[in-house]
Amino acid sequence: MKLIHLTDLHLVPPGATLFGFDPAERLRKTIERINRDHTDAELCVVTGDLTDEGDFASYELLRDVLRDLRVPTRLLLGNHDSRQNFLRAFPDEPRDENGFVQSVHESSAGRLILLDTLVEGFGHGSLSDDRLEWLLARLAEKPDVPAYLLAHHPLQPIGLPHFEPWNTENWRQIMPQIAKAGNVRHIFHGHVHVDVGGTWSGIPFSASRGVAHQIIPNFKRRDADFVEDAPAFDIAMIDAEGVLVHRFEVNDRHVVEVSAAGLVPEGVQ
């Protein structure tokens, strides 16, 4: 399975800018690159912070821009989003029995479990009791099928002081239960605006720095330096052998054509 992971679009209303740039234009360039190289992907998932302030106009703009994307797409919510305004603009997006924007996508590689970690009005995330119960039920109903979790907030800290107050608040409660389920192969998340990956409680995870602005990682400071690097997205190649995550930047670098023969040093056979 080929999965595209986008995150942190931070769209603003038409005509507005964010930190002096246009997030919608960065998304359009990203979509152009995906349409050029990756239309064979089975699914694209956007893990939250779809807008910067959760306003309806920005969701309308997002809906218009996404019409050009030639890959099926699912959307999740982040701390900058508004559940009410999102559902006004995307009324067909699945949600659970409690109204959270979370669901299961049955893919060729297993079950993609899409989570809603939004806590309205706060920067941190949560899988409250009802959301966690829903997740554990989904993991239990098909215990022999590989599962992949996608969420906005990291489900465990990533080691950067800036994000300590903004993690999923009950991660100490939820991660042991997720690990105990035994069928979660990978966790994808956004929120942190840095490239990071590793393992949490024995489960591999990855995050992309996102389409909008990025953060320069710092292991000591609690404040953060925001920068406008090239938009980025991840491609995950998933099969029975494992999960491979490749990072792509959307920039205007010149591609140099080199023959295969030219890649072999002289004298080496």
Side-chain angles (χ1 to χ4, degrees), residues 3 5-11 44-54 59 62 73-87 90 93-105 111-139 147-160 162-179 181 184-194 196-198 200-201 203-212 215 234:
L3 173 70
H5 176 202
L6 298 183
T7 194
D8 292 274
L9 312 180
H10 287 269
L11 263 62
C44 173
V45 179
V46 188
T47 55
D49 279 3
L50 309 173
T51 69
D52 195 60
E53 295 188 358
Y59 289 115
L62 174 62
T73 305
R74 298 291 303 277
L75 305 173
L76 301 183
L77 299 181
N79 51 290
H80 280 260
D81 289 308
S82 160
R83 199 175 285 112
Q84 179 180 1
N85 285 337
F86 169 77
L87 290 172
F90 297 91
E93 199 70 24
R95 65 201 94 162
D96 68 12
E97 61 272 16
N98 295 306
F100 293 110
V101 183
Q102 48 186 29
S103 60
V104 175
H105 178 86
R111 313 189 89 197
L112 305 184
I113 302 180
L114 313 179
L115 299 174
D116 182 340
T117 57
L118 169 61
V119 181
E120 298 268 11
F122 294 90
H124 67 267
S126 179
L127 284 179
S128 51
D129 290 345
D130 44 4
R131 285 179 274 189
L132 178 58
E133 181 179 349
W134 179 90
L135 168 59
L136 297 177
R138 302 293 76 74
L139 294 175
Y148 308 88
L149 308 187
L150 296 102
H152 178 68
H153 292 84
L155 301 187
Q156 195 165 316
I158 63 167
L160 295 179
H162 174 71
F163 286 100
E164 288 303 317
W166 318 121
N167 294 312
T168 300
E169 61 179 352
N170 54 336
W171 67 268
R172 293 184 184 277
Q173 172 193 357
I174 66 177
M175 281 306 299
Q177 297 184 70
I178 290 173
V184 176
R185 295 186 68 198
H186 198 92
I187 301 171
F188 300 88
H189 72 89
H191 185 56
V192 295
H193 294 257
V194 299
V196 62
W200 287 326
S201 304
I203 300 175
F205 78 93
S206 61
S208 171
R209 66 178 180 267
V211 175
I215 288 176
D234 287 358

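Quick caveat, the model's predicted, so the values are computed rather than measured.
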Side chain proximity check, Y148 to L3, heavy atoms < 4.5 angstrom: no

Validation row: I215, F163 side chains within 4.5 angstrom (heavy atoms): yes

Listed by chain and number, what are the ring-ring contact (aromatic ring centres under 6.0 Å, His included) partners of W171, not counting sequence neighbours? none

Reported [atom1]-to-[atom2] distance for the pair [X] and [Y], which is rounded to 0.5 angstrom:
X	Y	atom1	atom2	value
L155	M175	CG	CE	6.0 Å
H80	L11	NE2	CG	13.0 Å
L76	H153	CG	NE2	12.0 Å

Flag the pair H193 / H162 as yes when their ring centroid distance falls below 6.0 Å, and as no otherwise. no

Residue set satisfying side-chain hydrogen bond (donor to acceptor under 3.5 Å, both in side chains) with S206, at least two apart, ordered chain then number -> H186

Give every residue pair that meets the salt bridge (Lys or Arg N to Asp or Glu O under 4.0 Å) criterion with at least one member in residues 115-126, sequence neighbours excluded. R83-D116, R83-E120, D116-R131

Atom of L77, atom of H152 and distance for their closest heavy-atom approach: O-CB, 3.3 Å

Testing L112, L150, I113 for side-chain contact (heavy atoms from CB on, under 4.5 Å) with H105, which one passes? L112

Once you measure the plane-to-plane angle for W200 and F205, does it fall in the parallel (<30°), tilted (30-60°) or perpendicular (>60°) bin? parallel

